[in-house]
Amino acid sequence: MSYSTLFSLDSRKLKNEAQVETRFVAPLLNELGYPNEAIFPKENVPKLIGSEGSKKRELEIDFLLHDPEGFASTIVEAKTTTENIESHWGQAASYALSHNQKLKNGEKGIEWLLITNGLMTALYPHDRSGP
C-alpha cells in the first residue's frame with residue numbers, strides 16, 4: 001500500500017494562495033485521479049457576472065474540474081492558510097449558480113464546490129452551505 005505524498009507536505013511552505021494551488025491542490029487533484037485534460041486552471045476558466053443583492057460583480061475561480069463526459073462538475077477554490085474556508089463558500093456558490101443558469105436543456109451543471117486553505121478542505125454540494 002502506498003500513501004499520499006500530501007502527508008509529507010510541510011504546511012509552513014504554504015505562504016500564499018498560489019503556493020496552496022501549486023503545492024497542495026494540483027497534487028491533490030492528481031492523486032484523486034483527475035486527468036490533466038479535466039483540470040482547467042483559472043487562466044482557462046471564463047469569468048462570470050454574479051449578484052450580491054443589487055450589485056453585480058465579476059466572479060473568478062481557481063480551478064474548474066470536468067467530469068468524464070466533458071461537463072463542468074466541480075469548482076475548486078484555494079485560499080491562504082490563514083483564511084477561513086467557510087467564509088468563501090458564497091464566492092464558489094455564486095459562480096456555480098451563474099454557470100448553471102446559462103446551461104441549455106439536458107446539459108449537466110456544476111455539482112460540487114471544493115474549498116481549501118491547504119490545512120482544511122471541505123467539499124460542498126453546490127446548493128448547500130454545509131460541507
Side-chain angles (χ1 to χ4, degrees):
M1 176 187 288
S2 65
Y3 292 95
S4 170
T5 58
L6 294 172
F7 288 115
S8 62
L9 177 65
D10 183 353
S11 62
R12 293 173 295 186
K13 293 184 179 179
L14 301 176
K15 300 196 183 302
N16 56 49
E17 186 174 314
Q19 290 175 343
V20 171
E21 291 174 12
T22 59
R23 296 180 183 169
F24 179 74
V25 174
L28 173 66
L29 298 178
N30 181 266
E31 291 196 21
L32 289 173
Y34 281 93
N36 288 337
E37 57 272 5
I39 303 169
F40 293 80
K42 64 179 131 200
E43 297 81 18
N44 299 94
V45 177
K47 294 178 183 174
L48 296 176
I49 302 298
S51 298
E52 283 184 8
S54 62
K55 295 181 182 179
K56 302 276 186 201
R57 70 180 185 105
E58 194 171 70
L59 302 170
E60 181 178 74
I61 57 172
D62 296 317
F63 295 92
L64 185 61
L65 305 179
H66 284 216
D67 67 14
E69 298 172 37
F71 292 104
S73 63
T74 306
I75 289 171
V76 180
E77 266 302 304
K79 299 299 172 192
T80 64
T81 57
T82 58
E83 290 186 74
N84 178 343
I85 60 175
E86 292 175 357
S87 66
H88 294 283
W89 172 85
Q91 174 187 353
S94 293
Y95 190 97
L97 178 63
S98 294
H99 175 275
N100 290 349
Q101 286 176 334
K102 296 175 185 262
L103 297 177
K104 296 177 183 146
N105 218 3
E107 289 184 316
K108 290 173 29 179
I110 293 170
E111 297 180 69
W112 300 101
L113 314 172
L114 187 143
I115 306 170
T116 185
N117 64 10
L119 302 176
M120 294 187 67
T121 301
L123 181 65
Y124 297 82
H126 74 96
D127 58 352
R128 302 279 190 272
S129 61

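Counting from 1, the numbers follow the sequence of the chain as shown. Worth saying up front: this structure is predicted, and the values here are computed from it rather than measured. In what follows, every heavy atom counts, from backbone to side chain, and hydrogens, waters and symmetry copies are set aside.
The CD atom of E111 lies 12.0 Å from the CG atom of L65; values are rounded to the nearest 0.5 Å. To the nearest 0.5 Å, atom NZ of residue K47 and atom OG of residue S98 are 14.5 Å apart. Rounding to the nearest 0.5 Å gives a distance of 7.0 Å between NZ of K13 and CZ of R23. If you take OH on Y95 and CG on L59, they are separated by 8.0 Å, rounding to the nearest 0.5 Å. Between atom CD1 of residue I85 and atom OG1 of residue T80 there is a gap of 11.5 Å, rounded to the nearest 0.5 Å. Rounding to the nearest 0.5 Å gives a distance of 10.5 Å between CD of E17 and CG of N117.
The number of heavy atoms from other shown groups lying within 6.0 Å of CD (E107) is above 12. Summarising the local packing, CG of N44 is surrounded by more than 12 heavy atoms from other residues, nucleotides or ligands at distances under 6.0 Å.
Comment: E69 engages K108 in a salt bridge, judged by a side-chain N to carboxylate O separation of less than 4.0 angstrom.
Counting all heavy atoms, side chain and backbone alike, G118 lies closest to V20 at N-CG1, 3.8 Å. Scanning both residues, A122 and P131, for their nearest heavy atoms gives CB-CB, 3.9 Å. Among all heavy-atom pairs drawn from V25 and A78, the shortest one is CG2-CB, 4.1 Å. Taking both residues in full, the closest heavy atoms of E77 and I61 are given as OE2-CA, 2.9 Å, listed atom of the first, atom of the second, then distance. Smallest separation of non-hydrogen atoms from A92 and L113: O-CD2, 3.7 Å.
By the rule that hydrophobic residues join a cluster once side-chain heavy atoms approach within less than 4.5 Å of another member, L119 and L9 end up as members of separate clusters. Each of L97 and W89 belongs to its own hydrophobic cluster when Ile, Leu, Val, Met, Phe, Trp and Tyr are linked at side-chain heavy-atom distances under 4.5 angstrom. In this structure, W112 is not a member of the same hydrophobic cluster as L103, with clusters built from ILVMFWY side-chain heavy atoms closer than 4.5 Å. F71 and Y34 are assigned to two separate hydrophobic clusters, defined by single-linkage of ILVMFWY side chains at heavy-atom distances under 4.5 Å.
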- Run the numbers on L114 and T121 for side-chain contact (heavy atoms from CB on, under 4.5 Å), then give the verdict. CA-CA 7 Å; L114 187 143; T121 301; 3.9 Å; yes
- Message: If you apply the rule side-chain contact (heavy atoms from CB on, under 4.5 Å), what do you find for T116 with F24, and how did you get there?
- Response: CA-CA 9 Å; T116 185; F24 179 74; 3.3 Å; yes
- Message: Using the rule given for side-chain contact (heavy atoms from CB on, under 4.5 Å), can you reason through E86 versus I115, listing the C-alpha separation, both sets of side-chain angles and the distance that settles it, and then say yes or no?
- Response: CA-CA 8 Å; E86 292 175 357; I115 306 170; over 6 Å; no
- Give the C-alpha distance, both sets of side-chain angles, the deciding distance and a yes or no for side-chain contact (heavy atoms from CB on, under 4.5 Å) between Q91 and R57. CA-CA 10 Å; Q91 174 187 353; R57 70 180 185 105; 4.2 Å; yes
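Across T74, I110, V76, a single residue satisfies side chain to side chain contact (heavy atoms under 4.5 Å, CB included) together with L64, and that is I110.
Under the side chain to side chain donor-acceptor pair (under 3.5 Å) criterion, K15 pairs with no residue, sequence neighbours left out. With sequence neighbours excluded, the residues that form a ring pair (Phe, Tyr, Trp, His ring centres under 6.0 Å) with H66 are F40. Considering only residues two or more places apart in sequence or on other chains, H126 meets the side chain to side chain donor-acceptor pair (under 3.5 Å) condition with none of them.
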